[in-house]
Amino acid sequence: MHSRLADANLLDIADKLDAGVRLTLEDGCRLFECPDLLAVGWLANREREKRHGPQTYFNFNIRLEATNVCVASCLFCAFARLKPGDAGAYTMSLEQVWDKLRQRRTQPLTEIHVVNGLHPELPFDYYTEMLRGFKRIRPDVRLKCFTAVEIAFFADLYGMTDEQVLHELIAAGLDSLPGGGAEIFAERVRRKIANDKCGSDRYLEIHRIAHRLGLKTNITMLYGHIETAEERVDHMLRARALQDETAGFQAFIPLAFHPDNNQMRKLPAPSAADTLRVHAVSRLMLDNIPHVKAFWIATGVEVAQTALWFGVDDLDGTVQEEKIYHMAGARTPEALTTREIERLILAAGRQPVERDTFYNPVVHEAAASLKSRSA
Ligand code: SF4
């Protein structure tokens, strides 16, 4: 591999990684420009295996989008409808929301992941009651709900500080924040594609507060539209800087832009090669974030599987009923069973580990008693 890294002009970066020296903005840009994708992937895989060996995490979760009514108009979004009553707009009642969980009362779920549009008319207790209801139905299930963009919107709409909103939601049962809404932190891009939602500094500040209040969270990056390689690396470096302060991020999740049914439909979707590279460079730049996740709904199942050799150690979860990507043209299934995810991971030569929201391995009682009987 030495000569291949030398040919790819990556030996100095390999040496830095060996010595535990951090990669710079310039290093990150070189990794994006390097023609030898497999050499970049090899380096990322080495970092992945240093941290996790062959282990590949997934969880048994459901996604729920309670409303797609949203006052914002992000150019890449095919999910949102501006007003209640617009064609395709929906807002679920709390009973309908809770029914989604009641229907799965007997499934060994460990997490509910909720993200919504920014609805201008719902009261704050719609959200706090939603969490309380979930906990009544399934106290064992972790609630990873509301992006930092939603937290900022709640604070502005209901006249609270970001911290007060988080306090109230935690009191109602919130366990973690998902990473959505980060898009790209570079102001040039954010102004163009997501002008009317909270800015980068506030997104990061909300995660900073959440970490201080004891929540573990995730962070995303929407790639493959109008951003440059330098803006991608800048995004990663801003995540890395906050992680140095708080250590509260669990996973970095690159999200592939999907061009159907939105205002950026003239752009092509990112290629498989670009997707593999983005995940690999994320693993290399983010030396302090434990996990890099491939969201299979967005990347496609086959690319997510290949990404397990390009720095990725987490395949998200069973998901079930995802709407946001499917409305933007994702042709992936809407759900995978845990058995299917395990098979995908094993077929890629990796070792599946079912995890909970906080990356604790999950041992189902039935499997555990089977093992102890056969021991
Ligand atoms: S991405 Fe989120 S904030 Fe932006 S329009 Fe869609 S639902 Fe609204």
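Remember, it's 1-based here, ligands and their atoms both numbered in the order they're listed. Quick note: numbers below take in every heavy atom, side chains included, and nothing from hydrogens, waters or symmetry partners.
- When hydrogens are left out, the protein atom nearest atom 2 (Fe) of ligand 1 is Lys197 NZ, 4.2 Å; that is the closest non-hydrogen contact.
- Salt bridge status for Asp86 with Arg81: absent, with no side-chain N to carboxylate O gap under 4.0 Å.
- Between the side chains of Asp316 and Asn59, no donor N or O sits under 3.5 Å from an acceptor N or O.
- Residue-level proximity to ligand 1 for Ala80 is carried by the side chain, the only part with a heavy atom below 4.0 angstrom.
- In this structure, the ring of Phe185 has its center less than 6.0 angstrom from the ring center of His235.
- At a cut-off of 2.8 Å, Cys74 coordinates atom 4 (Fe) of ligand 1 through an N, O or S atom.
- Of the charged side-chain nitrogens involved, at least one lies within less than 4.0 Å of a carboxylate oxygen, so that Arg232 and Glu227 count as a salt-bridged pair.
- Salt-bridge formation is not detected for the pair Asp99/Arg105: no Lys NZ or Arg NE/NH1/NH2 atom is positioned less than 4.0 Å from an Asp or Glu carboxylate oxygen.
- Scanning all protein heavy atoms for the shortest distance to atom 8 (Fe) of ligand 1 gives Cys70 SG, 2.2 Å.
- What sits closest to atom 6 (Fe) of ligand 1 on the protein, heavy atoms only, is Cys77 SG, 2.4 Å.
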